[in-house]
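None of the values given here were measured: they were computed from a predicted structure.
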Amino acid sequence: MNKDMRTTLDLDLVLLNKNYQILEIKEMLAKNGVFCKIFPSPKSVLQACAPVICFSSRDKEKAIYILDENGVKYDLVKLEKDIIWELLRT
């Protein structure tokens with residue numbers, strides 16, 4: 001199996017954006033080879049049930065470069081395990 005392949009269970013970083021539409025950011029990351037998905041925010045990250053983008057911490061440097069190059073203002077939240085585990089535990 002390819003070591004660079006990502007699955008949903010690899011998604012352990014949550015991106016909280018401040019100045020872009022979430023779909024624009026997802027498209028921007030995916031177009032540049034970052035596997036990402038949109039999920040409802042876990043309560044441990046946001047109290048509101050707002051959509052967030054999740055990606056793997058293995059792609060963190062690449063994602064940060066892409067976001068910074070495109071002027072995206074954001075915060076990153078590292079999850080304890082992965083997004084699925086986080087959503088199921090809350």
Discussion item. If you apply the rule side-chain contact (heavy atoms from CB on, under 4.5 Å), what do you find for Val77 with Leu15, and how did you get there?
Written reply: CA-CA 7 Å; Val77 178; Leu15 183 136; over 6 Å; no
Worksheet item: Distance from Ile53 atom CD1 to Ser41 atom OG, nearest 0.5 Å?
Response: 12.5 Å
Practice prompt. For residues Ser57 and Leu13, report the shortest heavy-atom separation together with the two atoms involved.
Written response: CA-CD1, 3.6 Å
Fill in: Qualifying residues under side chain to side chain contact (heavy atoms under 4.5 Å, CB included), relative to Asp10, sequence neighbours excluded
Arg6, Thr7, Ser56, Arg58
Item to complete: Treat each ILVMFWY residue as a node, draw an edge where side-chain heavy atoms are under 4.5 Å apart, and state whether Val34 and Met5 are in one component.
Response: no
Discussion item. Test side-chain contact (heavy atoms from CB on, under 4.5 Å) on Asn19 and Val72; report intermediate values, then the result.
Written reply: CA-CA 6 Å; Asn19 66 333; Val72 178; 4.1 Å; yes
Practice prompt. State plainly whether one hydrophobic cluster holds both Leu87 and Leu16, where clusters connect Ile, Leu, Val, Met, Phe, Trp and Tyr through side-chain heavy atoms under 4.5 angstrom apart.
Written response: yes
Fill in: Spacing of Ile83 atom CD1 and Phe55 atom CZ [to the nearest 0.5 Å]
12.0 Å
Worksheet item: At their closest point, which heavy atom of Cys54 faces which heavy atom of Val14, and how far apart are they?
Response: SG-CG2, 4.0 Å
Item to complete: Verify, without hydrogens or angle tests, whether Asp82 (side chain) and Ile84 (backbone) share a donor-acceptor contact under 3.5 angstrom.
Response: yes
Practice prompt. Could you go through the side-chain contact (heavy atoms from CB on, under 4.5 Å) check for Val52 and Ile38 one step at a time?
Written response: CA-CA 6 Å; Val52 293; Ile38 297 174; over 6 Å; no
Side-chain polar contacts of residues 22-33 - donor-acceptor pairs under 3.5 angstrom, sequence neighbours left out - could you list them?
unit_1	atom_1	unit_2	atom_2	d
Glu24	OE1	Gln21	N	3.1
Asn32	ND2	Met28	O	2.7

Response to the item:
Contacts satisfying side-chain hydrogen bond (donor to acceptor under 3.5 Å, both in side chains) that involve residues 61-81 (not counting sequence neighbours) are Asp12-Lys78, Lys18-Asp75, Asp68-Tyr74
Worksheet entry | Counterpart residues, side chain to side chain contact (heavy atoms under 4.5 Å, CB included), relative to Lys37 (two or more places apart) | Thr8, Leu11, Phe35, Phe39
